[in-house]
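Both ligands and their constituent atoms are indexed starting at 1 by order of listing. Numbers for residues simply follow the sequence, beginning at 1. Model, not experiment: these values are computed from the prediction.
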Amino acid sequence: MKFDVLTLFPEMFAPIEQSILGRAIENKLIDINLVNIRDFSENKHKKVDDTPYGGGAGMVMMPDVVYRAYQSVKSEDAKVIYMSPQGQTLNQKKVEDLSKEKHLILLCGHYEGIDQRVIDKIVDEEISIGDYVLTGGEIPAMVLIDSVSRYVEGVLNKDSTNEESFTNGLLEYPQYTRPEVFEGEKVPEILLSGHHENIEKWRRKKSIEITKQKRPDLLK
Ligand code: 4H4
């Protein structure tokens with residue numbers, strides 16, 4: 001999977017290389033290329049935004065600068081995603097669908113957004129990480145890269161993703177590890193029984209219980 005990120009703040013993406021994605025990048029399972037939109041300004045002051053036509057507060061990113069940054073990385077099989085509060089909210093299904101793509105170009109907006117003409121010209125879909133407005137699209141882009149990369153073949157073993165929350169439409173069962181007793185609290189006996197069928201049944205029951213309690217909407 002190739003990610004090209006069009007951003008004004010490439011330095012914000014440094015932490016990604018530290019995470020488990022660092023290993024996936026080393027193993028060439030994913031490739032994250034950061035494109036600084038400012039490098040494509042032809043203005044001597046590297047101008048990338050201007051005041052909105054029709055007046056109003058804030059600044060809007062200029063279409064020609066964004067377009068040149070896009071042209072520097074575009075490819076036949078690229079899907080262009082604009083991180084925007086106006087987009088479809090990212091969920092597990094969308095994450096798994098996107099993980100099957102070969103090349104994603106992520107456009108990170110700023111200020112009051114981006115000139116509509118370049119959005120109309122290059123964007124295939126808008127994706128939001130939630131109904132709130134952030135200062136920039138970089139954190140949403142990192143959320144998308146992290147969640148999608150987990151489903152890229154070979155990044156995580158199948159067992160890690162098969163049983164986690166949302167994969168089977170339920171929230172994940174509670175997890176326990178050593179020590180067996182923590183502050184007087186014992187690990188549920190069934191998990192020490194070694195009886196795998198009963199453990200699976202207990203885990204399924206707990207998943208349904210937790211989902212009913214925390215996210216009944218998932219059961220509809
Ligand atoms: C983009 C603000 C577009 C407003 C932005 C608009 C999110 C989010 C986000 C900085 C940028 C904001 N991106 N999920 N939530 N004019 N991005 O807040 O479309 O309203 O993804 S606009």
### Message
Through direct or indirect side-chain contacts below 4.5 angstrom among Ile, Leu, Val, Met, Phe, Trp and Tyr, which residues connect to W202?
### Response
Y176, V187, I190, L191, L192, I199
For the [atom1] atom of [X] and the [atom2] atom of [Y], what is their distance to the nearest 0.5 Å?
| X | Y | atom1 | atom2 | answer |
| --- | --- | --- | --- | --- |
| T7 | F13 | OG1 | CZ | 5.0 Å |
| M142 | C108 | CE | SG | 8.0 Å |
| I81 | L107 | CD1 | CG | 10.5 Å |

### From M83, Q86, Q116 - option closest to atom 19 (O) of ligand 1 by heavy atom
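Considering heavy atoms of M83, Q86, Q116, the nearest to atom 19 (O) of ligand 1 sits in Q86.
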### Task
Identify which of C108, S84, G137, P85 has a heavy atom lying nearest to atom 5 (C) of ligand 1.
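Comparing heavy atoms across C108, S84, G137, P85, the nearest one to atom 5 (C) of ligand 1 lies in P85.
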Per-atom contacts, ligand 1 versus [X] - under 4.0 Å to a heavy atom:
| X | answer |
| --- | --- |
| S128 | 8 (C), 14 (N), 15 (N), 21 (O) |
| Y82 | 1 (C), 3 (C) |
| V133 | 2 (C), 18 (O) |
| G130 | 15 (N) |
| E112 | 16 (N) |

### Task
Kindly indicate whether the side chain of L144, heavy atoms from C-beta on, has any atom under 4.5 Å from the side chain of I127.
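Result yes, sub-4.5 Å side-chain heavy-atom pair found.
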Below 3.5 angstrom, do we get any N/O pair linking [X] and ligand 1?
| X | value |
| --- | --- |
| I129 | yes |
| P140 | no |
| G113 | no |
| H110 | no |

### Message
Using a 4.0 Å heavy-atom cut-off, which part of I127 comes near ligand 1: side chain, backbone, both, or neither?
### Response
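For I127, the contact with ligand 1 is made by the backbone alone.
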### Task
Tell me which part of T135 gets within contact of ligand 1: side chain, backbone, both or neither, using heavy atoms under 4.0 Å.
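Backbone only; the side chain of T135 stays clear of ligand 1.
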#### Entry: Charged N-O contact under 4.0 Å between K212 and E209
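No, this pair does not count.
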### Summary
Test side chain to side chain contact (heavy atoms under 4.5 Å, CB included), reference H110, set V48, L134, V60, L8, output is L8
### Task
For atom NZ of K46, decide whether the heavy atoms of other residues, nucleotides or ligands shown that lie under 6.0 angstrom number more than 12.
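Yes.
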### Message
For the residue pair S41 / N43, report whether a side-chain donor-acceptor contact shorter than 3.5 Å exists.
### Response
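Absent: no donor and acceptor within the cut-off.
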